[in-house]
Every structure is written in structure tokens, then in C-alpha cells.
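Worksheet for the structure shown next.
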Amino acid sequence: MDIQSGTLDFEYNTSDWIKSRPAVDDNNVYVASMDGEVSKLELTKKGYKERWKKKIGEHFIYGELELKDDNLLFADSDLYAYCLNTKDGKIKWRHSVIKSFMIDDYRVLTDQIAGGAYYESKPTAAQGKVFIGTPSGFVYAVDAETGEEKWKFEVGGAISGAPVIDGNKVYIGTEGGEEDFYCLDVNTGNLIWKQLVSWVWGSANVSDGLVYVPGVDGYVYCLEGETGAIVWRYRTERSTCSEPLIIGEHVYFGSWDHYLYKFNKKTGEYIWKYQLSGGSDSGSPISGEGKIFLPVGGGTFRCLNPETKTVEWTPQLTGKMYNVTPGYHDGNVFLSCLNGRGLGGIPIGAEVFNVNASNGELNWTFNGGGGLTGPVIGDNNRVYFASTVTPYFYCVDRNGNGDGTTNLLWKVRMDNKVEESVPAIYNGKIYILNSGGYLVCIK
């Protein structure tokens with residue numbers, strides 16, 4: 001635009017949204033879109049001429065563009081720095097910002113970021129689409145068959161929880177920026193309503209038109225699904241991070257104040273609280289056979305009777321970290337755990353267990369899978385899971401061999417490991433978000 005009058009001089013359509021600041025010299029503008037496409041526009045009296053347009057890598061460009069002589073410099077979200085020749089757009093060099101080496105076209109990181117995962121959101125598959133949140137503040141809906149983007153919606157903070165689908169609505173919370181909780185149209189991504197609650201790190205849950213939201217501020221919220229109005233809320237002593245569990249007419253919230261709370265889901269009436277002896281974090285409680293299977297942020301896992309608050313069993317597996325949502329299927333509970341850390345807190349060991357849901361007795365163990373990501377169970381006697389310590393996705397036999405082991409049916413290498421995201425099964429396919437920023441679909 002003209003700086004004096006604001007008159008529009010020209011428009012240029014890019015292939016995606018623009019989040020980075022363009023670079024400008026005497027007679028040229030350089031612009032990068034989120035999908036990694038970089039363009040050079042020469043300014044003219046009539047507007048511009050496109051001199052070149054290049055697709056650089058597969059990862060988003062959010063950072064600013066910088067010019068130095070005939071060099072265009074920037075970094076992408078995969079932690080690579082690039083230098084392009086401004087004359088023709090060709091890559092002069094690419095440098096991994098984090099230390100690494102290459103094996104079979106895979107970058108193997110020799111440094112790790114030990115501050116927690118960035119790509120944490122669980123994929124949700126429904127109505128022919130897969131929904132996912134990102135640390136860059138976008139909710140995406142992609143075609144479940146092709147991966148084609150259907151829509152995206154930008155919020156004001158990072159998204160760590162799963163998008164929750166109920167009818168024609170998508171519910172999602174944010175953290176690290178604003179404190180709004182969003183309701184979007186499932187087909188268009190258009191905003192239906194938003195409600196000021198708190199930062200939301202975990203996933204919400206939905207039942208009978210009511211939305212249950214764990215708040216980082218320590219409040220647990222019940223919102224009206226149609227309007228976003230607050231129906232009730234309750235203050236715990238510390239952050240609530242894990243996804244709430246709904247059983248019948250009750251909803252259960254775990255808190256970092258070391259208690260599990262039980263409420264009437266419609267009225268918010270407080271029923272009881274149960275001492276966890278640890279914080280409720282990434283691992284969310286699930287139910288089966290009228291019981292609650294309850295992980296805690298540490299080395300504790302319990303099978304809890306929700307009526308009497310009594311512990312029916314704990315698995316006889318010592319020294320494990322069960323900070324992961326378990327799975328249940330046909331009389332068995334599937335646990336994932338982290339069992340080793342190296343320098344700087346980097347995970348170096350992980351296991352998946354199958355235990356009897358009635359008594360907690362061990363059926364089998366699989367080494368290398370799981371960690372901070374949990375298993376999902378298909379109706380084909382197969383268990384699927386990624387790993388926090390390897391870049392592989394695994395499929396094993398649910399029943400095992402009767403000797404404490406199970407059979408590996410297949411494994412697929414991805415570009416990176418998985419941290420707190422959990423797979424989704426939908427129409428014969430598995431969907432998982434890995435730490436490299438890829439949403440992967442596996443048959």
C-alpha cells in the first residue's frame with residue numbers, strides 16, 4: 001500500500017497463510033507462506049513481476065526473512081536454517097540448527113530438547129475427516145483418505161489437547177496465550193462461539209450436550225454445548241490437566257493437587273475426592289467393567305472402584321512411570337510406561353504391558369514401544385502404538401504367546417518419535433501426530 005494515502009498498489013496470492021515478516025530491498029519483496037513456499041516479487045510501476053517461486057522443504061515457515069547481500073536467510077519449523085540465492089531462489093546451503101547426522105535420508109538428532117513435547121495433540125477422526133491441533137495455534141481438518149486440508153482455524157495459543165467432536169461441533173482449548181475455549185463448525189471451521197475459561201492443556205470431554213473442560217487455573221468447567229455458557233465450575237487446589245472421565249451420570253477430574261474428584265455431571269454436585277499420591281497429568285483415567293483404570297504422574301497405577309473408592313488392584317510392576325492414558329479391551333488393560341531416562345531427562349526406555357483387568361496380573365510385555373504415548377486396540381486382536389524412544393510405529397498381537405511375550409506383526413518407521421499424542425483408529429487406518437510435526441496415516 002502507498003504509505004501516505006493507504007491506497008492499494010497490488011495484491012499477490014500465496015499458496016497458504018503468511019505468518020513471517022517479508023524481506024524488502026530497494027526494488028524487491030521476498031515473502032514466505034506457511035507451507036514453505038518462498039517468492040520473489042520485483043516492484044514495478046504497474047505493481048510487480050514474479051521473478052521466482054520455490055517450494056522449500058515440507059515444514060512451515062513462521063520466522064522472519066532476512067536479507068544480506070544476495071542471500072535470503074530464514075529457518076523453518078523443522079529446525080533447519082536456509083540460505084537462498086536471491087537471484088534465482090536456489091538453495092545455497094541448509095544447516096540443521098540442532099546437532100544431527102543423516103542415515104538413509106533420515107536426520108538422526110544427537111541433541112534432544114528435554115523440555116517436553118511440542119506436538120502433543122491427539123488426532124480425532126470422524127465424519128470422513130481427521131482433526132488435529134498444533135503448537136502454532138491452528139486447528140486443522142484434513143480428509144481422512146487423502147490428507148487434503150479441508151479447513152484450518154487460528155486460535156490465540158498453542159493446542160495440546162485433542163479436538164472433541166459432537167455432532168456438527170468441534171471443541172478445543174488453548175494454552176500459553178489467550179484463555180478462550182472454542183466451538184467450531186465441523187464442516188467449515190467457522191467460529192460458533194468462544195468462552196473465556198482458562199488455559200487448557202488437556203482434552204475436554206462431551207456428554208448429553210455438555211462440555212467438560214479441565215483448566216490450568218485449577219477450575220473444572222461444565223459448559224453448555226450450544227452456547228458456551230458456564231453451567232457450573234469447581235475450584236481444585238492446583239491445575240487440572242488430564243481429560244475428564246464420564247461414567248453414567250458422573251464426571252471425574254484429576255488434579256495436580258493429588259486428588260481425583262467425582263461430580264454429578266449435570267449439577268456439579270461434589271460427591272467425593274480420592275487421594276492419588278501424585279499429580280494427574282498426561283495420563284487420563286478410563287473405565288471398563290464398572291471400574292476406573294487410573295494412571296498417576298509417577299510410578300503409580302490403580303484399578304479403582306468408583307462407588308466405594310477402594311483399590312481393587314495395582315500391577316506388580318515396580319519402578320515404572322505410568323503417566324500415560326491406558327487402553328481397555330475384552331478383559332485386558334494395556335499400559336504404557338517410561339522406564340528409563342538419560343542425561344537431561346531424555347527418555348531412553350519404554351514398554352507396553354497387557355494385564356488382566358480383573359486382578360492386574362501380567363499377560364505380556366513389549367519393549368521399545370509406548371513411553372509417553374499410549375496404545376489403542378483394534379477389533380482384530382491387534383494393539384497399535386508409537387514410541388517415545390524410537391521413530392517406529394508398532395503393531396503387536398493382542399493375545400500374546402502365553403509366556404509373557406507377544407508377537408510383533410509389523411513396524412513402520414516415521415521421521416520422528418511420538419510424545420504425548422495417542423493414535424486414532426478410523427476406517428481401517430491409524431492416524432498419529434509425531435514430534436516432527438507430521439500427521440501420519442498408516443494402513
**Report entry** K92/D70 under salt bridge (charged side-chain N to carboxylate O under 4.0 Å, His left out): CA gap, chis, key distance, verdict
**Finding:** CA-CA 11 Å; K92 286 188 173 182; D70 62 347; 3.3 Å; yes

Requested in this report: Name all residues meeting the side chain to side chain donor-acceptor pair (under 3.5 Å) criterion together with D35; count only those two or more places apart in sequence or in a different chain, and write none if there are none.
Outcome: S15, S33

Query raised in the report: Any luck finding a side-chain donor-acceptor pair between E243 and S284 under 3.5 Å?
Result: no

Requested in this report: Look at the side chain of Q195 and the backbone N and O of G228, then say whether any donor-acceptor pair between them is shorter than 3.5 Å.
Outcome: yes

Report task. Name all residues meeting the side chain to side chain donor-acceptor pair (under 3.5 Å) criterion together with W193; count only those two or more places apart in sequence or in a different chain, and write none if there are none. Result -> none

**Report entry** Ionic contact status for K55 with E37, cut-off 4.0 Å
**Finding:** no

**Report entry** Set of residues satisfying ring-ring contact (aromatic ring centres under 6.0 Å, His included) with respect to Y252, sequence neighbours excluded
**Finding:** W272

Report summary line: Residue pairs passing the side chain to side chain donor-acceptor pair (under 3.5 Å) test with at least one member in residues 164-173, sequence neighbours excluded, are K169-E226

**Report entry** Residue pair P163 / V170: nearest heavy atoms and the distance that separates them
**Finding:** CB-CG1, 3.8 Å

**Report entry** Backbone of T314 reached by a side-chain donor or acceptor of Q316 within 3.5 Å
**Finding:** yes

**Report entry** Partners meeting side-chain contact (heavy atoms from CB on, under 4.5 Å) with A357 (sequence neighbours left out)
**Finding:** E289, F293, Y328, V333

Report task. Flag the pair Y261 / F253 as yes when their ring centroid distance falls below 6.0 Å, and as no otherwise. Result -> no

Query raised in the report: So, are E420 and K122 salt-bridged, with charged N and O less than 4.0 Å apart?
Result: no

Query raised in the report: Are N401 and N407 close enough that a side-chain donor and a side-chain acceptor fall under 3.5 Å?
Result: yes

Report task. Using a strict cut-off of less than 4.0 Å between a Lys/Arg side-chain nitrogen and an Asp/Glu carboxylate oxygen, indicate whether R398 and D330 qualify as a salt bridge. Result -> yes

Query raised in the report: So, W52 versus D88: side-chain donor-acceptor pair below 3.5 Å or not?
Result: no

**Report entry** Modelled atom types, side-chain donor and acceptor of K417 and N434, under 3.5 Å
**Finding:** no

Report summary line: The complete set of ring pair (Phe, Tyr, Trp, His ring centres under 6.0 Å) pairs with one or both residues in residues 362-391, sequence neighbours excluded, reads F366-F385, F366-Y394, F385-Y394

Query raised in the report: With distance as the sole criterion, is a donor-acceptor pair present between the side chains of S77 and Y62 under 3.5 Å?
Result: no

Query raised in the report: Taking only residues two or more places apart in sequence, or in another chain, which ones meet E178 in a side-chain contact (heavy atoms from CB on, under 4.5 Å)?
Result: V155, T174, D180, Y182

Query raised in the report: Is T44 reaching over with its side chain to a backbone N or O of G47, donor-acceptor style, under 3.5 angstrom?
Result: yes

**Report entry** Note: D217-R238 ion pair, threshold 4.0 Å (strictly below)
**Finding:** no

Report task. Decide if atom CE of M1 counts as having more than 12 heavy atoms of other residues, nucleotides or ligands within a radius under 6.0 Å. Result -> no

Report summary line: Sorted by chain and number, sequence neighbours left out, ring-ring contact (aromatic ring centres under 6.0 Å, His included) with F334 holds for none

**Report entry** Set of residues satisfying ring-ring contact (aromatic ring centres under 6.0 Å, His included) with respect to W410, sequence neighbours excluded
**Finding:** none

**Report entry** side chain to side chain donor-acceptor pair (under 3.5 Å) partners for S280, two or more places apart
**Finding:** S242

Query raised in the report: Who passes side chain to side chain donor-acceptor pair (under 3.5 Å) against T134, sequence neighbours left out?
Result: S136

Query raised in the report: Can we say K129 and E148 salt-bridge, meaning some charged N sits less than 4.0 Å from an Asp/Glu carboxylate O?
Result: no

Requested in this report: Considering only NZ, NE, NH1 and NH2 on the basic side and carboxylate oxygens on the acidic side, decide whether D16 and K152 come within less than 4.0 Å.
Outcome: yes

Query raised in the report: Can you list every ring pair (Phe, Tyr, Trp, His ring centres under 6.0 Å) pair that touches residues 411-443, not counting sequence neighbours?
Result: H59-Y438

